[in-house]
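Accompanying notes for the structure given below.
Everything numeric in this text was worked out from a predicted model, so none of it was measured. Every chain is numbered from 1, with letters handed out A, B, ... down the list of sequences.
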Amino acid sequence: MPELPEVETVVRDLRAEVEGRSVVAVPHAASSVFRYPSPEALAAALPGASFAAVRRSGKYIHCVLARDGAAEVESEALIVHLGMTGHLEVCDAAAPERPHTHLRALLDDGRELRFADARRFGRVMLGDPDALRAARLIPALGVEPLGEEFTVQRLDALLRRTTRTVKAALLDQRGVAGLRRQALTLAAGVVAGSVVEVLRIAIRNRGSTIDDYRDLWDAKGNHQEELRVYGRGGLPCLACGTVLRRTVVAGRATTYCPVCQR
DNA sequence: CACGACACCTGCCGGC
DNA sequence: TGCCGGCAGGTGTCGT
């Protein structure tokens, strides 16, 4: 399940591969992952556009497009959310199509940008991000946790005005975009510092491959090796040896040490 | 506003 | 060996 560190890894790699490239054709576009416009309309509109920039917004990937000869600068982006099992790759156009491939975009260097998603929880959209947001096709995300605006004050205000658990608050993408994992009832300063540190380390480790996540080259991330609690229910706590417990918080499986994490 | 329930969707896993 | 129910989980929607 791609989280912010995994998405950031994909964005950085994608940026190096497609920035400056343009789309020549769309040999394949079909599936329910296309929320707007229809896959046919997207396939018709994408050719001729070039990738001006690749950015991350929460867990959304924005490929900002540019068009030659367009007098006025129009804001247009190919937006991708990986959902649970979404996967982007840039490969030779002759490479065999992996199962559940929903989009293939032929680039001007002979390669293809492809999107595959077995579970189809992912989304692909094309349009003005502001307009898509206004149309509620993409959500109005909260503070970017790796941005300057993610301050202790902002987080403190966010946590202070709610009775929800810290985990539930952090999971809500309208508050702080792109976060999950557990947190405890700690001072906002500690949480804020931890969030940023953990995200930076996870990105340095190219994300966590818990199940399906692979980068553009189909390689696994490395950060799963660093997780000390996640997925270790029933195993001893690495700090004190107590058996880690599993429970459900905010509708999500949550593992914790009953001694170290109270 | 907070949160549970459900929908979407398919691979995987345990049980029979 | 094989079928099958159950489960996971990001996000949106709807009901309480």
Side-chain angles (χ1 to χ4, degrees), chain A residues 1-11 29-39 56-62 79-88 97-103 114-125 127 129 131-145 157-183 185 195 199 202 207-214 218 220-221 223-224 227 229-235 244-256:
Chain A
M1 52 223 100
E3 306 290 349
L4 188 147
E6 292 77 42
V7 177
E8 178 66 23
T9 299
V10 168
V11 163
S31 135
S32 57
V33 300
F34 294 91
R35 295 305 163 91
Y36 179 87
S38 68
R56 180 181 58 74
S57 173
K59 287 188 263 187
Y60 285 80
I61 299 166
H62 288 221
I79 296 175
V80 177
H81 191 293
L82 300 176
M84 294 283 298
T85 52
H87 179 251
L88 283 168
E97 195 177 291
R98 67 167 61 210
H100 308 292
T101 293
H102 307 306
L103 173 67
R114 296 180 181 178
F115 178 69
D117 185 1
R119 215 166 286 185
R120 280 191 266 157
F121 278 15
R123 294 104 196 255
V124 176
M125 284 165 281
L132 293 172
R133 210 167 286 122
R136 309 216 162 192
L137 288 163
I138 53 177
L141 296 171
V143 185
E144 165 55 45
L158 195 68
L159 297 179
R160 197 175 291 281
R161 71 172 185 234
T162 179
T163 58
R164 308 153 89 185
T165 63
V166 176
K167 172 160 177 164
L170 291 181
L171 278 166
D172 188 338
Q173 304 293 298
R174 293 169 302 180
V176 180
L179 284 187
R180 65 182 296 275
R181 305 265 195 273
Q182 46 72 240
T185 311
V195 160
L199 287 176
S208 305
T209 295
I210 303 299
D211 208 3
D212 302 289
Y213 170 71
R214 296 293 189 283
D218 223 29
K220 295 183 178 183
H223 193 67
Q224 65 278 5
L227 303 178
V229 179
Y230 179 91
R232 296 191 66 250
L235 296 175
L244 297 175
R245 285 192 197 152
R246 273 176 61 100
T247 182
V248 173
V249 177
R252 306 302 213 298
T254 301
T255 305
Y256 70 102

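- Remark on DNA chain C: of its neighbouring residues A:Arg119 and A:Ile138, the 5'-side contact belongs to A:Arg119, judged by nearest-heavy-atom nucleotide.
- Classified by interplanar angle (parallel below 30°, tilted 30° to 60°, perpendicular above 60°), the ring pair A:His62/A:Tyr60 is perpendicular.
- Rounded to the nearest 0.5 Å, atoms CG (A:Leu244) and OH (A:Tyr256) are 10.0 Å apart.
- Of all nucleotides present, only B:dA5 satisfies the Watson-Crick or G-U wobble test against C:dT13, with each distance under 3.5 Å.
- Summarising the geometry, the separation between CD1 on A:Ile79 and P on C:dT11 is reported as 14 Å, rounded to the nearest angstrom.
- When distances are taken from the side chain of A:Met84 to each of B:dG11, B:dC3, C:dG9, the shortest belongs to C:dG9.
- Within the 4.0 Å cut-off from OP1 or OP2 of C:dT11, not a single side-chain nitrogen or oxygen of A:Arg123 is found.
- Remark: P of C:dT11 and CG of A:Leu82 are 10 Å apart, rounded to the nearest angstrom.
- Rounding to whole angstrom units, CZ of residue A:Arg252 and P of C:dA8 are separated by 12 Å.
- OP1 or OP2 of B:dC9 lies within a sub-4.0 Å distance of a side-chain N or O belonging to A:Ser32.
- Which of C:dG9, C:dT11, B:dC3 sits closest to the side chain of A:Tyr60 comes down to C:dT11.
- Under 4.0 angstrom from either OP1 or OP2 of B:dC9 there lies no side-chain N or O belonging to A:His100.
- As a whole-Å value, the separation of A:Lys59 NZ from C:dG12 C1' is 14 Å.
- At whole-Å resolution of the value, CG in A:Asp211 and C1' in C:dG10 are 14 Å apart.
- An OP1 or OP2 oxygen of C:dG9 is reached within less than 4.0 angstrom by a side-chain nitrogen or oxygen of A:Tyr230.
- The aromatic ring of A:Phe121 sits over the base of B:dC8, with ring centres less than 5.5 Å apart and planes tilted by under 30°.
- With hydrogens and angles ignored, the 3.5 Å screen pairs no side-chain donor or acceptor of A:Asp212 with any backbone N or O of A:Thr85.
- Which of C:dG9, B:dC3, B:dC9 sits closest to the side chain of A:Arg120 comes down to B:dC9.
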**OP:** For A:Glu6 and A:Lys59, run salt bridge (charged side-chain N to carboxylate O under 4.0 Å, His left out): C-alpha distance rounded to whole Å, both residues' side-chain angles, the deciding distance at 0.1 Å, then the answer.
**Re:** CA-CA 9 Å; A:Glu6 292 77 42; A:Lys59 287 188 263 187; over 6 Å; no
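- Between A:Arg246 and A:Leu137, it is A:Arg246 whose nearest contact on DNA chain C lies nearer the 5' terminus.
- At a threshold of 4.5 Å between non-hydrogen side-chain atoms, the residues A:Arg120 and A:Ser31 count as touching.
- Protein atom CZ of A:Arg98 is 15 Å distant from nucleotide atom C1' of B:dG11, rounded to whole Å.
- Whole-Å rounding puts the A:Asp117 CG to B:dG11 P distance at 11 Å.
- Judged purely by atom type and a 3.5 angstrom limit, A:Arg56 uses its side chain to pair as donor or acceptor with the backbone of A:Gly58.
- Here the nucleotide nearest the side chain of A:Pro139, chosen from C:dG12, C:dG10, B:dG11, is C:dG12.
- In this structure, A:Arg164 reaches the sugar-phosphate backbone alone: every heavy-atom distance under 4.0 Å involves primed, P, OP1 or OP2 atoms, never a base.
- Counting any heavy atom pair closer than 4.0 Å across all strands shown, A:Pro2 reaches no nucleic acid atom.
- C:dC7 atom C1' lies 14 Å from atom CG of A:Asp212, rounded to whole Å.
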